[in-house]
Visitor: 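If you scroll down you'll find the structure; I have some questions about it.
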Amino acid sequence: MPELPEVETVRRMLAEAVPGRRVARANVSGKRLRTSSLVRLPTQLRARTFAMPRRIGKFLLLDLDGGFTLLSHLGMSGRWLFWPPGRKPDAALEHVHLKIAFADGAALWFQDVRRFGMLRVLPTAKLARDASLRLLGPDPLAEPRDGDALRAAARGSRTSIKVWLLDQRRIAGLGNIYASEVLFRAGVDPRRRAGALDAEAWRRVAREVPAVLEESIARMGTTFSSYRTLWNEPGQYGEQLLVYDRGGEPCRSCGTPVRRIVQAGRSTYFCPTCQRARPRRSSPRPRLSNR
DNA sequence: AAACATTCCTGCACGC
DNA sequence: TGCGTGCAGGAATGTT
């Protein structure tokens with residue numbers, strides 16, 4: 001479930017753990033992740049020292065000395081796990097694809113059961129041009145946008161607002177859980193067309209995007225199934241979810257059963273009462289042929 | 001055992 | 001009719 005709050009939680013913990021630490025050696029599993037083979041990583045990481053980690057959307061940028069960056073994405077089930085010097089890593093862990101041993105005895109491992117994650121070392125100067133990052137939209141915490149800006153970005157879009165929020169080219173970092181939560185809190189029907197939302201609806205969406213993300217970060221993210229922090233602990237925001245994974249259960253605001261629908265192949269949860277659709281014109285594109 | 005948090009790629013449909 | 005864009009669906013994989 002790593003979406004922005006989960007990745008940011010891991011980043012903040014990495015910021016306390018890795019800067020200044022030097023890699024003694026790195027080992028990789030034989031398996032490849034979704035994007036690439038890992039065979040070059042041990043050589044690329046050897047003797048490098050980690051700097052302050054950064055994040056853009058759901059991507060982690062682990063800067064190294066010498067002008068390189070370890071670019072990482074957690075995919076569905078990726079985890080970064082850390083042990084300080086003197087603490088033995090759990091040798092029984094399975095699906096560990098990268099094991100970094102630091103010179104001072106600390107350890108940093110990347111575990112990914114489903115292997116949808118990404119690990120790549122590339123020159124820091126080339127990051128902005130890399131295909132993975134080039135198309136990302138603004139990060140909603142680093143560069144929050146107001147309702148008018150979001151509305152302008154969505155002008156003409158005929159896709160639903162839920163699917164629009166999931167598009168990483170528009171906003172970098174929202175995933176399936178928080179898209180549903182944002183729309184519930186904004187009182188917007190997830191089926192409405194993004195290009196048709198009025199300014200007031202966009203204003204509420206723009207307010208709730210950073211609000212939901214910050215509240216989740218404060219609780220170290222949502223553990224829906226596999227996400228863990230750097231210390232292998234679950235996040236606590238799941239208890240605060242208002243609609244996600246609550247199909248059939250009463251809306252916490254009005255009691256109406258929460259509905260589950262599928263949009264673009266993914267589950268959407270919403271309250272049909274609190275997020276009522278404005279009546280839409282039956283013909284979205286009025287014909288002008290006869291007046 | 002159907003569903004699944006992620007991104008990427010394909011192919012279709014639409015608008016100009 | 002042709003071209004570019006936007007969008008839906010499927011794939012990748014292992015677990016519950």
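Below, chain A is the first sequence line, B the second, and so on; all start at residue 1.
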Visitor: What contact category does A/Arg169 fall into here, base, sugar-phosphate, or nothing, at under 4.0 angstrom with non-hydrogen atoms?
Guide: nothing
Visitor: In whole Å, what is the span from the CZ atom of A/Arg266 to the P atom of B/dA3?
Guide: 15 Å
Visitor: Strictly by modelled atom types, are A/Ser267 and A/Arg260 linked by a side-chain donor-acceptor pair under 3.5 Å?
Guide: yes
Visitor: Check whether any side-chain nitrogen or oxygen of A/His73 sits under 4.0 Å from OP1 or OP2 of B/dT6, and answer yes or no.
Guide: no
Visitor: We want to know whether A/Arg170 and A/Ser157 form a side-chain donor-acceptor pair, criterion being a heavy-atom distance below 3.5 angstrom.
Guide: no
Visitor: Thinking salt bridges, do A/Arg79 and A/Asp112 make one under a 4.0 Å N-O criterion?
Guide: no
Visitor: For B/dA1 and C/dA12, measure between their P atoms and round to the nearest Å.
Guide: 22 Å
Visitor: Do the side chain of A/Arg158 and the base of B/dC14 come within less than 3.5 angstrom through a donor-acceptor pair of N or O atoms?
Guide: no
Visitor: Would A/Arg12 and A/Glu8 pass as an ion pair if we require N to O under 4.0 Å?
Guide: yes
Visitor: Please work out which of the three classes, parallel, tilted or perpendicular, describes the rings of A/Phe102 and A/Phe50, given edges at 30° and 60°.
Guide: perpendicular
Visitor: May I ask you to evaluate whether A/Tyr244 reaches the phosphate of B/dA5, defined as a side-chain N or O under 4.0 Å from OP1 or OP2?
Guide: yes
Visitor: For DNA chain C, which ranges pair as stems of 3 or more consecutive Watson-Crick or G-U pairs, with both donor-acceptor distances under 3.5 Å?
Guide: B:2-4 with C:14-16, B:6-16 with C:2-12
Visitor: Take atom P in C/dA11 and the same atom in B/dA3, then report the distance between them in whole Å.
Guide: 15 Å
Visitor: Quick test of your reading: applying side-chain hydrogen bond (donor to acceptor under 3.5 Å, both in side chains), list the pairs with at least one residue in residues 133-152 of chain A, sequence neighbours left out, ordered by first then second residue.
Guide: A/Arg55-A/Asp139
Visitor: Mind calculating the distance between CZ (A/Arg114) and P (B/dT6) to the nearest angstrom?
Guide: 11 Å
Visitor: Would you say the ring centers of A/Tyr244 and A/Tyr178 fall short of 6.0 Å from each other?
Guide: no
Visitor: If only side-chain N and O atoms of A/Arg79 are considered, is one of them under 4.0 Å from the OP1 or OP2 phosphate oxygen of B/dT6?
Guide: no
Visitor: Check the side chains of A/Tyr227 and A/Thr222 for a donor-acceptor pair under 3.5 angstrom, ignoring hydrogens and angles.
Guide: no
Visitor: At a heavy-atom distance below 4.0 Å, which nucleotide of DNA chain C is the first touched by chain A, and which is the last?
Guide: C/dC7 to C/dT15
Visitor: Do A/Thr124 and A/Thr69 have side-chain N/O donor and acceptor atoms under 3.5 Å apart?
Guide: yes
